[in-house]
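Counting starts at 1 for both ligands and their atoms, in listed order.
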Amino acid sequence: MSLQGKRIILGVSGSIAAYKSAHLTRLLVKEGAEVQIIMSTSALDFITPLTLSTLSKRPVYHQFQKDETGEWNNHVELGLWADLFLVAPMSANTLGKFANGICDNLLTATYLSARCPVMLAPAMDLDMYQHPSVRKNLETVQSFGNHLLDAESGELASGLSGKGRMMEPEHIVEQVKRFFTSKLDFQGKKVLITLGPTQEAIDPVRYISNHSSGKMGMALAEQLKEQGAEVYVVAGPIHISVDKSKFHWLDVMSAQEMFDASAEIHPKMDVVIFAAAVADYGPAEVAPEKIKKSEDTMQIRLKKNIDIALTLGNQKHPNQLHVGFALETENESAHAKAKLAKKNFDMIVLNSMKEKGAGFRGDTNKVHIFTKNGKQVESSLMQKSEIASMILDEIKKMSSWTEA
Ligand code: PMT
């Protein structure tokens, strides 16, 4: 699909990543989009309007007044003209203004006037991106329904390395194209996702758990929501920023709590995705008081936890679709296929701990999908959001309600 005829406002704010907006403009124009650029005042310190207007083939706006004639750039008209309002890069400053309704330049004024969908691609230094005020503002703008094109990890202009780089222009264009093609294929469908780790208490201060961040499950939850599903999330203890208000959200700690919460809603679900990393064993007894240090070694007796996917798999209704995950370190495909059959999954998504950039915690993953009909699909290393849409495409192909 091209972006032929799509009207896109590209907002450019003050960040070193503004140099990438030139490439982004080229890519969008090449796809056939009409790109109207609006720059914030501080963006002018990073890239010139001349560069961007040459590439977009349109005048670039950065102030309310067009020129000395006094004619104004009508931000209300601009806001109504666009099919999409995309800001890339979005600085911490512009984010703060969007989150709080501050309107002191043409870009912020147009944001407040826009009736079309909004996509925001932040770019900041590592510590800025993690600052609680920025996290809060990101949550706020997402609660307005704005789509976040999450920053990527890598080398930053400061010399530090970590999360904060603006999403690469090629990835942004992919997301924009997906946005315009995405159909409400899950409209009217109820989907349950288990995600994150579980915590099994040893005593009041200690527990057994694992490294799951909940990112893979959240990427699925977000995409399902965008495609019209009613999404139920049963989440173990996670520490990533999420807008829970978009979902039916249940926080749990242990495997047993995750099972109890899931079992109650399972009968009315159309699709269940088991993305949680559930502890297979937990302490047989939870000490009522903090265990005191005494011997050089100590033993904790463990008992098997309930297998949520297996138990609910045995109760699966013929119209329900169950998707499992498998996290393996050896004999990956064989173990994943065995779990597919044993747990009565329709599909299993294998992520290997041996693949760099795959599995726990990171923003990327690399998976193999196996279906009960013998189909196999392999992904490259991609953002978890891209892996999520690939999984949803496979679910649609297996479902009876849509032809993908
Ligand atoms: O959260 P992230 O940091 O983004 O990482 C994503 C992930 C690696 C956690 C995720 O993609 C993943 O692989 N989740 C499943 C991990 C796991 O527990 O795999 P497993 O092979 O042990 O379990 C197989 C399946 O049974 C899984 O769908 C699991 O949710 C389910 N299960 C397992 C044990 C249990 N007691 N109950 C279950 O429901």
Asks: As a check for students: among Phe259, Tyr281, Phe325, identify the option with a heavy atom nearest to atom 25 (C) of ligand 1.
Replies: Phe325

Asks: For Phe274 and ligand 1, does the shortest N/O to N/O distance drop below 3.5 Å?
Replies: yes

Asks: Does Glu168 come within less than 4.0 Å of Lys20, counting only side-chain N to carboxylate O?
Replies: yes

Asks: Determine, using heavy atoms of Leu195 and all atoms of ligand 1, whether some pair is separated by less than 4.0 Å.
Replies: no

Asks: Touching ligand 1 at all, Gly359? Heavy atoms, strictly under 4.0 Å?
Replies: yes

Asks: Of the choices Gly282, Ala276, Gly236, which has the non-hydrogen atom that lies closest to atom 16 (C) of ligand 1?
Replies: Ala276

Asks: Would you call Asp307 and Lys343 a salt bridge, taking side-chain N to carboxylate O under 4.0 Å as the test?
Replies: yes

Asks: Under 3.5 Å, is there a donor-acceptor pair between the side chain of Asn100 and the main chain of Gly96?
Replies: yes

Asks: Using a heavy-atom cut-off of under 4.0 Å, does the side chain or the backbone of Arg361 touch ligand 1, or both, or neither?
Replies: backbone

Asks: Considering heavy atoms of the protein only, find what lies nearest to atom 34 (C) of ligand 1 and give residue, atom and distance to 0.1 Å.
Replies: Asp280 OD1, 3.3 Å

Asks: Classify the ring geometry between Tyr111 and Phe85 as parallel (under 30°), tilted (30 to 60°) or perpendicular (over 60°).
Replies: tilted

Asks: Report the nearest protein non-hydrogen atom to atom 19 (O) of ligand 1: residue, atom name, distance rounded to 0.1 Å.
Replies: Leu327 N, 3.5 Å

Asks: Which residue and atom name correspond to the protein heavy atom nearest atom 2 (P) of ligand 1, and how close is it?
Replies: Ser213 OG, 3.3 Å

Asks: Could you check whether any side-chain N or O of Ser15 sits under 3.5 Å from a backbone N or O of Ser91, counting only pairs where one atom can act as donor and the other as acceptor?
Replies: no

Asks: Do Thr194 and ligand 1 have an N or O pair less than 3.5 Å apart?
Replies: no

Asks: What residue and heavy atom of the protein are closest to atom 22 (O) of ligand 1, and at what distance?
Replies: Lys339 NZ, 4.0 Å

Asks: At a 4.0 Å threshold, what atoms of ligand 1 neighbour a non-hydrogen atom of Asn351?
Replies: 8 (C), 10 (C), 11 (O), 12 (C), 13 (O)

Asks: Any nitrogen or oxygen of Gly362 lying under 3.5 Å from a nitrogen or oxygen in ligand 1? Just yes or no.
Replies: no

Asks: What atoms of ligand 1 come within less than 4.0 Å of a heavy atom belonging to Lys215?
Replies: 1 (O), 2 (P), 4 (O)

Asks: Between CG of Asp125 and OH of Tyr129, what distance do you get to the nearest 0.5 Å?
Replies: 12.5 Å

Asks: Would a line drawn from the ring center of His266 to the ring center of His322 be shorter than 6.0 Å?
Replies: yes

Asks: Parallel, tilted or perpendicular, judged at 30° and 60°: which one describes the rings of Phe247 and Trp249?
Replies: tilted

Asks: Kindly indicate whether the side chain of Leu44, heavy atoms from C-beta on, has any atom under 4.5 Å from the side chain of Pro49.
Replies: yes

Asks: Hey, does the side chain of Glu257 reach the backbone of Met253 with a donor-acceptor pair shorter than 3.5 angstrom?
Replies: yes

Asks: For Ser212, counting its heavy atoms only, list the atoms of ligand 1 lying under 4.0 Å from any of them.
Replies: 1 (O), 2 (P), 3 (O), 9 (C)

Asks: Please state which part of Ala275 comes within less than 4.0 Å of ligand 1, counting heavy atoms only: side chain, backbone, both or neither.
Replies: backbone

Asks: Side chain, backbone, both or neither: which applies to Ile308 and ligand 1 if a contact is any heavy-atom pair less than 4.0 Å apart?
Replies: both

Asks: With the threshold set at under 4.0 angstrom, would you say Asp307 reaches ligand 1 through any of its heavy atoms?
Replies: yes

Asks: Going by distance only, is there an N or O of Ala309 that falls short of 3.5 Å from an N or O of ligand 1?
Replies: yes

Asks: Ligand 1 versus Lys343, non-hydrogen atoms closer than 4.0 Å: side chain, backbone, both, neither?
Replies: side chain

Asks: Looking at ligand 1, does Lys384 have a heavy atom less than 4.0 Å from it?
Replies: yes

Asks: Looking at Asp346 and Lys372, is any side-chain nitrogen of the basic one under 4.0 Å from a carboxylate oxygen of the acidic one?
Replies: yes

Asks: Could you tell me whether the side chain of Ile348 reaches within less than 4.5 Å of the side chain of Val323, counting heavy atoms only?
Replies: no

Asks: Taking Lys396 first and then Asp185, would you say they form a salt bridge - that is, a charged N and a carboxylate O separated by under 4.0 Å?
Replies: yes

Asks: Quick one: are Leu86 and His147 in side-chain contact, heavy atoms under 4.5 Å?
Replies: no

Asks: Consider every N or O of Gly324 and every N or O of ligand 1, then say whether any pair is closer than 3.5 Å.
Replies: no

Asks: Taking only heavy atoms of Gly214 into account, list the atoms of ligand 1 that are under 4.0 Å away from them.
Replies: 1 (O), 2 (P), 3 (O)

Asks: Nearest protein heavy-atom contact for atom 18 (O) of ligand 1: which residue, which atom, what distance?
Replies: Ala277 CA, 3.5 Å

Asks: Would you mind checking which non-hydrogen protein atom is closest to atom 6 (C) of ligand 1, with the distance to 0.1 Å?
Replies: Met216 CB, 3.6 Å

Asks: Any cation-pi pair here, Lys6 with Phe180, using under 6.0 Å and within 45°?
Replies: yes

Asks: Give the residue and atom name of whichever protein heavy atom lies nearest to atom 36 (N) of ligand 1, and the separation in Å to one decimal.
Replies: Ile306 O, 3.0 Å

